[in-house]
Visitor: 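The structure follows.
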Amino acid sequence: MSDPQVSFLLERVLASGGYSVIKTQDWPSTQKELQSKSPAMIILSDKLGESNGLDVAAELAQRWPAIPLLLFVEEDTPELLKKALSVGVSDYLCLPLRAEDITNAVQRSLEKARQRREWVLLETRRNTASLQRKVDELEALARLGRSITGSLDLDSVLSAIVDAAVELTGAEEGSLLLLDESTGELYMRAARNFQDEFVRTFRLPVQDTLAGSVLRTGKPALLDEATPQKIKTAYLVHSLVYVPLQLHDRVFGVLGVDNRHERLPFKDRDVKLLSAFAEYAVIAIENARLYANTILERNKLETVLTQIQDGVIVLDLDQRILLVNHTAQLAFSLSDQPLAGKKLNEVFSQSEILELVDSAGKSLSNRQEITVDDGRIFSILVTPIPAIGLAITMHDITNLKKLDRIKSDFVSTVSHDLRSPLTAIMGYVELIERAGTVNDMQRDFIRRVHVNVTNITSLMDDLLNLSHIESGFDGSKDKIYLDQLVSYSADNFSKQFSDKNLKLVYEIPDAVPPLYANAIQLRQMLDNLLANAVKYTPSNGTVTIHMEVEQNQIIIQVRDSGIGIPPMDLPYIFDKFYRAGNVGNEVTGTGLGLAIVKSIVENHNGRIWVDSIVGQGSTFTVVLPLGQP
Ligand code: ATP
Ligand code: MG
């Protein structure tokens with residue numbers, strides 16, 4: 001204010017009206033006060049010494065638009081006032097200055113400013129509310145997303161989706177309809193604000209209904225009618241939105257909200273929102289379907305595993321139990337207590353199992369025989385399963401063992417009983433020539449009888465020998481070096497090896513510990529295995545003798561590159577007189593060799609098995625315990 005008198009007058013009138021006044025004389029101090037005190041209004045003169053009051057007013061109005069500006073003019077020419085209004089001045093004062101005019105002008109300006117502030121506040125609130133609604137929608141979507149990924153309970157997820165759809169669209173009721181493939185009708189899978197009875201009995205044909213047309217076309221439907229429309233017999237609504245539930249071009253349901261009582265129209269925004277919810281519903285339904293399928297498959301597998309006649313035990317990589325099926329539980333008298341998660345050695349104490357599992361994957365021997373409490377005998381086999389652990393399968397061989405016993409007894413009796421008449425025949429055949437002269441032809445016949453009886457006798461000897469071994473007869477055991485025994489036996493076959501040009505490979509470690517065993521029997525065992533390898537390997541092949549020592553047992557393998565054994569013959573080749581189908585009649589043999597080998601191995605508490613591929617060769621593996629002196 002340049003005029004001190006005007007300035008003084010204004011100050012007095014304002015102070016008496018209860019306003020506090022700050023006076024400034026230059027631009028910097030004006031700016032400072034405006035920033036620190038934020039006054040309710042500014043009064044300035046159009047003449048401000050050097051500078052033009054209107055320019056200053058323009059600057060003030062631009063920088064502090066919320067503070068009303070009152071301009072004092074000495075002369076109120078229309079041009080000046082027009083200019084003043086255009087730069088943003090809210091009112092003006094002019095001479096003569098009367099107290100009443102001043103107070104009125106000030107109050108008018110303050111009132112205008114207050115109104116403007118309120119309007120701004122209201123607008124802001126309205127904008128904030130619409131933002132808040134958007135935030136709510138986003139939160140609801142995020143919440144649904146979480147509940148879908150976090151829950152496998154389809155009912156609760158679908159209810160949550162319908163609830164959210166109703167709440168965020170402000171609808172009166174909402175429902176999720178699914179297509180019943182068997183009847184071709186829609187039924188209500190989830191609902192909000194419908195009567196329970198209505199939901200239960202709801203059935204809607206696809207033909208000639210609005211929901212049905214959404215299902216057929218895959219396009220949303222938006223209805224807004226002054227007179228209520230029928231969406232189902234005797235069911236009228238004013239407005240509704242239906243959106244399709246669609247997966248890979250297949251529409252299988254409809255999500256909808258509607259207003260029955262009031263005519264509140266839905267907008268495009270609601271269609272978009274509902275479509276987003278529909279997508280969630282599709283994901284949830286698909287998830288539930290996949291999950292149910294997985295469970296079904298798992299149950300099937302579990303039923304197979306538990307009902308199967310063979311025993312099955314599955315362990316994880318830490319040797320913790322994953323599964324023990326019914327047969328295995330019965331065999332080891334394990335009650336129905338939960339076993340999953342327990343350590344193998346907390347549940348099983350049988351050394352056969354523990355050792356087998358410990359050496360699984362590291363050892364050539366992966367099977368054992370075990371006699372369980374009720375007397376049954378199982379053959380157990382351990383198989384490593386990558387990334388899971390290992391499986392122990394057990395097969396009941398009690399009956400096979402019994403049959404074997406009966407057969408052995410029979411063979412031993414028969415061969416024993418046949419021996420005496422054979423000796424008699426032999427004796428009388430020798431006596432014939434002493435009893436009188438025989439012609440050449442007769443002598444030839446006698447020779448043939450003699451040869452054949454000798455053959456039969458040696459066969460009987462083999463059989464008796466076998467039953468001796470089987471009955472554990474002649475079990476004297478000595479300290480034996482198996483590597484030496486192997487080389488003696490192999491030397492014995494050197495002629496056959498060179499005749500067929502077979503290569504013999506030794507894979508024998510340096511210091512093989514001694515074994516407590518019956519030397520004659522082990523020699524017989526090696527002879528029989530080598531004889532077979534030579535016999536069943538065509539010329540120019542290879543025979544390998546592999547030996548390794550592991551803990552307190554010794555493992556011997558005789559491998560050949562021969563004709564191999566057909567899978568269907570494999571279970572029987574250790575039986576007496578059994579000869580596999582791949583061997584022609586021209587290859588001589590009685591089929592007793594492997595039966596003898598097996599008896600010897602068992603007599604030494606060992607195990608034997610064969611792995612063979614037709615046309616590639618066979619591997620016979622024998623595991624013998626080192627034994628005690
Ligand atoms: P023998 O009593 O003279 O030994 P064999 O050799 O026929 O007669 P086993 O030694 O018991 O009888 O063998 C039984 C059958 O197993 C054989 O007839 C043959 O079919 C099969 N077999 C045994 N060893 C081998 C092998 N190394 N390669 C292929 N087949 C074999
Ligand atoms: Mg043989």
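Numbering of ligands and ligand atoms starts at 1, following listing order.
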Visitor: Who's the nearest protein heavy-atom neighbour of atom 30 (N) of ligand 1, and how far?
Guide: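 Result: I565 CG1, 3.3 Å.
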Visitor: To the nearest 0.5 Å, what is the distance between CD on Q521 and CD1 on I596?
Guide: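 Result: 10.5 Å between the selected atoms.
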Visitor: Can you tell me if D569 has a non-hydrogen atom under 4.0 Å from ligand 1?
Guide: no
Visitor: Which residue in the set I556, N605, I608 passes side chain to side chain contact (heavy atoms under 4.5 Å, CB included) when paired with L624?
Guide: I556
Visitor: Any heavy atom of F620 sitting closer than 4.0 Å to ligand 1?
Guide: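 A heavy atom of F620 does come that close to ligand 1.
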Visitor: Applying a strict 4.0 Å limit to heavy atoms, is K535 in contact with ligand 1?
Guide: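 Yes.
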Visitor: Give a yes or no on whether Q309 atom CD has more than 12 heavy-atom contacts from other residues, nucleotides or ligands under 6.0 Å away.
Guide: no
Visitor: Does R376 pair with D374 as a salt bridge, N-O distance under 4.0 Å?
Guide: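 Yes.
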Visitor: Would you mind checking which non-hydrogen protein atom is closest to atom 14 (C) of ligand 1, with the distance to 0.1 Å?
Guide: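 Answer for atom 14 (C) of ligand 1: Y578 O, 3.3 Å.
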Visitor: Which heavy atom of the protein is the closest neighbour of atom 27 (N) of ligand 1, given with residue, atom name and distance?
Guide: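 Checking every protein heavy atom, the shortest distance to atom 27 (N) of ligand 1 gives D560 OD2, 2.8 Å.
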Visitor: Any non-hydrogen side-chain atom of I321 less than 4.5 Å from a side-chain atom of L315?
Guide: yes
Visitor: Using ring pair (Phe, Tyr, Trp, His ring centres under 6.0 Å) as the criterion, list what pairs up with F348, not counting sequence neighbours.
Guide: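 Result, ring pair (Phe, Tyr, Trp, His ring centres under 6.0 Å) vs F348: F332.
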Visitor: State whether E181 and R250 are salt-bridged, where the test is any N-O pair (Lys NZ or Arg NE/NH1/NH2 against Asp/Glu carboxylate O) under 4.0 Å.
Guide: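 Here E181 pairs with R250 in a salt bridge, since their nearest N and O are under 4.0 Å apart.
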Visitor: Side-chain donor-acceptor pair under 3.5 Å between D527 and S489, yes or no?
Guide: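 A pair is found: one side chain offers a donor N or O, the other an acceptor, under 3.5 Å apart.
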Visitor: Taking CD in Q319 as the centre, count heavy atoms belonging to other residues, nucleotides or ligands within less than 6.0 Å. Is the count above 12?
Guide: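 For Q319, atom CD is crowded (more than 12 foreign heavy atoms under 6.0 Å).
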Visitor: Over 60° means perpendicular and under 30° means parallel, so classify the ring planes of Y578 and Y572, tilted if in between.
Guide: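 Rings of Y572 and Y578: tilted, 30 to 60°.
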Visitor: Test of understanding: with side-chain contact (heavy atoms from CB on, under 4.5 Å), list the residues that count as partners of V486, not counting sequence neighbours.
Guide: Y506, I508, L526, I545, M547
Visitor: Return yes when S618 approaches ligand 1 closer than 4.0 angstrom through a heavy atom, no otherwise.
Guide: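 Yes.
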Visitor: Distance to 0.1 Å, residue and atom name: give those for the protein heavy atom nearest to atom 13 (O) of ligand 1.
Guide: L594 CD1, 3.5 Å
Visitor: Please list the nearest protein heavy atom to atom 12 (O) of ligand 1 with its residue and the distance rounded to 0.1 Å.
Guide: G591 CA, 3.1 Å
Visitor: Tell me, please, which residues at least two apart from D155 pass salt bridge (charged side-chain N to carboxylate O under 4.0 Å, His left out).
Guide: R189
Visitor: What's within reach of the Mg ion (ligand 2), meaning protein N/O/S atoms under 2.8 Å?
Guide: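 As for protein N, O or S atoms lying under 2.8 Å from the Mg ion (ligand 2), they are N532 OD1.
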Visitor: Among protein heavy atoms, which sits nearest to atom 31 (C) of ligand 1, and what does the distance come to when rounded to 0.1 Å?
Guide: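 Residue, atom and distance for the closest contact: Y536 CD1, 3.5 Å.
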Visitor: Please list the nearest protein heavy atom to atom 10 (O) of ligand 1 with its residue and the distance rounded to 0.1 Å.
Guide: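 Answer, as residue, atom name and distance: N532 ND2, 2.8 Å.
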Visitor: Which protein heavy atom lies closest to atom 16 (O) of ligand 1, and at what distance to 0.1 Å?
Guide: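 Closest protein heavy atom to atom 16 (O) of ligand 1: I573 CG2, 3.6 Å.
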